[in-house]
Protein chains: 2
Amino acid sequence: MLENLTEMLKGVLEGCVLEIISRGETYGYEITRRLNTLGFTDVVEGTVYTILVRLEKNGLVDMEKKPSDIGPPRKFFVLNAAGHEQLRKFWEKWAFVSSKMNELKEKK
Amino acid sequence: MLENLTEMLKGVLEGCVLEIISRGETYGYEITRRLNTLGFTDVVEGTVYTILVRLEKNGLVDMEKKPSDIGPPRKFFVLNAAGHEQLRKFWEKWAFVSSKMNELKEKK
DNA sequence: TGATCTACTTAGTGTAACTATATAGTGGTA
DNA sequence: TACCACTATATAGTTACACTAAGTAGATCA
């Protein structure tokens, strides 16, 4: 349908992952499926895993490995305090950029 | 006020520049000032010039150099047909991403 | 045995905004 | 005259992030 969204997702996809994790503990494969369902159909596991590695390295999430009945063990993630703060800032930035973009668009 | 917006502006700032040029011929320095006025206060000339070079290289704008009374000559840009089509696609992408982001945000 | 779905890993690539610095015209002022 | 501020453009190098591509591995089923 739409062409490549890659550039427009920069700085946005990480925020989506933070938001999804904030709803309750989840893991990479499931996050990818949720993003696909949301409409970001081209996002693949590899992309999400690199984001998760970054989030963990930056101390925004806590991880716990748990076995699965239907496949390999899963790495479950939850947001910690720093992660919640980062998510709050993300939505603040989004609101700002979003409002400015719409202002630009409408002011014909 | 807000922290660094760099990543969130990727894929967005170029669209803003296209939109501003579409309103009538203008040049880099003025585009920068308009972006600053719009709220993107940290955007500097260098950033805009690299975008303009890219737009011209990609055949989306036409350029004409004109003298100025109050300083060095200016390079005025206008959108050509390809530029208008690119701008249309940009707003289409923006509408898509924007709607999905708000969907994610609201679905608490 | 092979295929499919689930699940994670990671080295390398491409792109776009940004940093920093340079050049240069015009006008004002000390 | 020298210096500054404002206007105006140019560009080499850096950083950050999404993406590509290829791999490993557990579970289920034909």
Side-chain angles (χ1 to χ4, degrees), chain A residues 2-18 25-36 40-58 60-61 63-77 86 90 93 97 101, chain B residues 2-18 25-36 40-58 60-61 63-77 86 90 93 97 101:
Chain A
L2 278 178
E3 275 170 57
N4 192 25
L5 296 176
T6 299
E7 292 309 323
M8 205 175 275
L9 290 182
K10 289 193 179 166
V12 167
L13 203 55
E14 183 183 298
C16 292
V17 170
L18 282 171
E25 68 165 16
T26 181
Y27 55 99
Y29 190 80
E30 190 179 47
I31 293 169
T32 310
R33 295 288 80 78
R34 289 203 206 173
L35 286 168
N36 295 156
F40 299 131
T41 51
D42 291 344
V43 173
V44 296
E45 284 79 13
T47 299
V48 173
Y49 290 118
T50 56
I51 291 174
L52 290 170
V53 166
R54 191 166 67 233
L55 292 178
E56 200 177 7
K57 201 180 69 181
N58 293 343
L60 303 172
V61 294
M63 191 273 284
E64 195 184 345
K65 203 168 183 176
K66 297 182 185 178
S68 163
D69 291 343
I70 59 168
R74 299 162 173 165
K75 289 177 75 172
F76 282 88
F77 295 88
Q86 181 83 356
F90 167 75
K93 286 186 202 177
V97 171
M101 292 303 291
Chain B
L2 278 176
E3 276 171 57
N4 193 24
L5 296 176
T6 299
E7 293 309 323
M8 206 176 275
L9 290 183
K10 289 196 178 162
V12 167
L13 203 55
E14 182 181 299
C16 292
V17 171
L18 282 171
E25 67 165 16
T26 183
Y27 54 99
Y29 190 83
E30 190 180 49
I31 293 169
T32 309
R33 296 288 81 78
R34 290 205 206 170
L35 287 167
N36 296 156
F40 299 132
T41 52
D42 292 343
V43 173
V44 295
E45 286 79 12
T47 299
V48 174
Y49 290 119
T50 56
I51 292 174
L52 291 170
V53 167
R54 192 165 67 233
L55 292 178
E56 200 177 7
K57 202 180 70 182
N58 293 342
L60 302 172
V61 293
M63 187 272 284
E64 197 184 344
K65 202 168 185 176
K66 297 182 184 177
S68 164
D69 290 343
I70 58 168
R74 300 162 173 166
K75 290 176 74 172
F76 281 88
F77 295 88
Q86 181 83 354
F90 167 74
K93 286 186 201 177
V97 171
M101 291 304 291

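Closest approach to the B/Pro72 side chain among D/dT9, C/dC18, D/dT7 is made by D/dT7 (side chain taken as heavy atoms from C-beta onward). The side chain of B/Leu13 lies closest to C/dC18, out of D/dT9, C/dC18, D/dA16. Checked against C/dA11, C/dT19, C/dA17, the side chain of B/Leu9 finds its nearest nucleotide in C/dA17. Nearest to the side chain of A/Lys75, among D/dT7, C/dT9, C/dA7, sits C/dT9. The listed nucleotides are C/dA16, C/dT15, C/dC8; the one nearest the side chain of A/Lys10 is C/dT15. Among the nucleotides C/dC8, D/dA18, D/dT11, the one closest to any side-chain atom of A/Arg54 is D/dA18. Of the candidate nucleotides D/dT7, D/dA12, C/dA11, D/dA12 has the atom nearest to the side chain of B/Thr50.
In this structure, B/Phe90 places its CZ atom 13 Å from C1' of C/dA16, rounding to the nearest Å. Computed from coordinates, the A/Lys65 NZ to C/dT9 C1' distance equals 11 Å when rounded to whole Å.
Side-chain nitrogen and oxygen atoms of B/Tyr29 include none within less than 4.0 Å of the OP1 or OP2 phosphate oxygen of D/dT9. An OP1 or OP2 oxygen of C/dA7 is reached within less than 4.0 angstrom by a side-chain nitrogen or oxygen of A/Ser68. Put simply, B/Thr6 has a side-chain N or O that comes within less than 4.0 Å of OP1 or OP2 on C/dC18. Listed pair A/Tyr49 / C/dC8 meets the phosphate criterion, a side-chain N or O lying under 4.0 Å from OP1 or OP2. Residue B/Thr47 has no polar side-chain atom (N or O) positioned under 4.0 Å from OP1 or OP2 of C/dA17. Distances shorter than 4.0 Å separate none of the side-chain N or O atoms of A/Arg33 from OP1 or OP2 on C/dT6.
Both tests pass for A/Lys66 against the ring of A/Phe76: distance under 6.0 Å to the centre and angle within 45° of the axis.
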